[in-house]
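Just so you know, ligand 1 is whichever comes first in the structure, and atom 1 is the first atom listed for that ligand. The analysis underlying the following values was restricted to heavy atoms, covering all of them including side chains, and did not include hydrogens, waters or symmetry mates.
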Amino acid sequence: MKILVTGGTGFIGSHTVVELQKEGFDVVIVDNLSNSQKWILDAVADISGVKPEFEQFDLADQKLTADFFSRHNDIVGIIHFAAYKAVGESVAKPLLYYRNNLVSLLNILEGMMVHNIPNLVFSSSCTVYGQPDELPVSEKAPIKKAESPYGNTKQISEEIIADTLASSNLKAIALRYFNPIGAHESAKIGELPLGVPNNLVPYITQTAIGIRQELSVFGNDYNTHDGTPIRDYIHVVDLAKAHVIAVKRMIEKQMKNNFEVFNLGTGIGYSVLDVINSFEKVTGIKLPYKIVDRRAGDVEKVWANPAWSNTELGWKAERSLDEMMDSAWKWENYYAKKNNITTKKR
Ligand code: UD1
């Protein structure tokens, strides 16, 4: 059975392709390589033994997307990862984010309608909850006004999917990710930010390996145990496995209704300093960091109530924060060695 994975050479996409292949699915990837690299296909093949089918084009292009669907009549489900995801950039370039993230979704839904492909798994985000009134946050928590155009694209996308499903036979599962980090145990695939990383863990590993001078910790005056913000960090392989379970749930017709939403988190919140401490413990490296001002738009604390995913989806995050740090560090070193990078800027 063939699954279309959009954004399949990206961070979460590539790990999910490996897990799909392990479970016997065929995969076709569509990616415009705007934030990923083609050699990831070889790395995936190295891990799984199978090179996924690949087409490079932009899913925001209606004609190319329609043409793709008319050439592939054997797709049984779609996992739609392809999207821009940098919060700060979305504030600076909102139209870029709305056009890319929303138009590509419209084109995919149109393809599903025309070619009778009933199953969609959509990459959503805990950002839809904003700063929740109650913690841990469950799927029933209200959607808060988005803090950024990026967050708004996730909210609007969920609405577009719900409206489309209401008037068709399509089915969808939206997976709301908390903070995906870490890398595959082989260290052959991982997070590969272009330029200076926005996210915490790639910044930590790049600092430790000498590409960045020191980590800036954005604020230590939050109402948390050590003053730094709390997130629910989740290992990318745990996250990837949830996608395979979601795809099977759809194909095996186990869904309770035609649009389901699940939180993907561990249920445990860690502060920025907890993450640094774990990294230092696991690697034995003293990480240079300084406390600076808060970053605009950061929420104070958010972590998941994963009970619904645990019971209904039958999925549970298994990997610890230490394992996340260990795998992220091994990946950083593998990549540095592969590219002969020492302190050179990427
Ligand atoms: C954000 C988005 C999330 C999105 C994710 C991917 C929100 C609320 N969350 O997650 O939806 O999917 O980006 O891009 O918009 N930190 C530092 N120093 C750094 C970097 C980060 O101290 O150099 C801190 C941040 O203040 C935050 C934590 O580390 O408390 C995690 O930050 P980050 O990895 O950027 O993820 P989020 O902002 O939680």
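Contact annotation: for A86 versus ligand 1, there are no heavy atoms closer than 4.0 Å. Contacts with ligand 1 closer than 4.0 Å are made by heavy atoms of both the backbone and the side chain of L200. With a heavy-atom cut-off of 4.0 Å, T228 does not touch ligand 1 at all.
Between F69 and H115, the ring planes are parallel. Angles under 30° get that label, and only those over 60° would be called perpendicular. Relative ring orientation between W329 and F279 is described as perpendicular, the plane-to-plane angle rising above 60° on a 0-90° scale split at 30° and 60°.
Of all protein heavy atoms, the one lying nearest to atom 14 (O) of ligand 1 is K85 O, 3.0 Å. Looking only at heavy atoms of the protein, atom 18 (N) of ligand 1 is closest to S216 O, 2.7 Å. Counting protein heavy atoms only, atom 38 (O) of ligand 1 is closest to R295 NH2, 2.8 Å. Counting only heavy atoms of the protein, atom 33 (P) of ligand 1 lies nearest to N199 ND2, 3.4 Å. For atom 7 (C) of ligand 1, the nearest non-hydrogen atom of the protein is T127 OG1, 3.6 Å. Of all protein heavy atoms, the one closest to atom 26 (O) of ligand 1 is D298 OD2, 2.5 Å. For atom 22 (O) of ligand 1, the closest heavy atom belonging to the protein is F218 N, 3.0 Å. At the top of the distance list for atom 31 (C) of ligand 1, counting protein heavy atoms only, stands Y233 OH, 3.4 Å.
With sequence neighbours excluded, no residue satisfies side-chain hydrogen bond (donor to acceptor under 3.5 Å, both in side chains) with D61.
Within ligand 1, the atoms closer than 4.0 Å to a non-hydrogen atom of N198 are 20 (C), 35 (O), numbered from 1 in the order shown. Against a heavy-atom cut-off of under 4.0 Å, V217 is close to the following atoms of ligand 1: 22 (O).
For L215, no nitrogen or oxygen atom sits less than 3.5 Å from a nitrogen or oxygen atom of ligand 1, counting backbone and side chain alike. Considering backbone and side-chain N/O of V87, none are found under 3.5 Å from N/O of ligand 1.
Not a single heavy atom of F11 sits closer than 4.0 Å to an atom of ligand 1. Not close to ligand 1: E147, with no non-hydrogen atom less than 4.0 angstrom away. Within the structure, ligand 1 lacks G151 among the residues with a heavy atom less than 4.0 angstrom away. Assignment of S125 to the shell around ligand 1 is supported, since a heavy atom sits closer than 4.0 Å. In this structure, Y150 is part of the shell of residues with a heavy atom less than 4.0 angstrom from ligand 1.
In this structure, R294 pairs ionically with D221, as a charged nitrogen and a carboxylate oxygen lie closer than 4.0 Å. Here K144 pairs with D133 in a salt bridge; the nearest charged N to carboxylate O distance falls below 4.0 Å. Under the 4.0 Å criterion applied to side-chain N and carboxylate O atoms, E139 and R176 are not assigned as salt-bridge partners. A salt bridge links K330 and D326; the closest N-O separation between the charged side-chain nitrogens and carboxylate oxygens is under 4.0 Å. Using a cutoff of 4.0 Å between basic side-chain nitrogens and carboxylate oxygens, E260 and K171 are not scored as salt-bridged.
Side-chain contact between D232 and N179 is absent, with no heavy-atom pair separated by less than 4.5 Å.
Other residues, nucleotides and ligands contribute more than 12 heavy atoms inside 6.0 Å of the CD atom of E252.
Ring-centre distance between H243 and F25: not below the 6.0 Å cut-off.
T153 and N101 share a donor-acceptor pair across their side chains, judged by distance under 3.5 Å alone.
Among residues at least two apart or in separate chains, salt bridge (charged side-chain N to carboxylate O under 4.0 Å, His left out) pairs with a member in residues 6-26 are E19-K22, E19-K241, E23-K248.
When R231, Q131, E300 are checked for heavy-atom proximity to atom 39 (O) of ligand 1, R231 turns out nearest.
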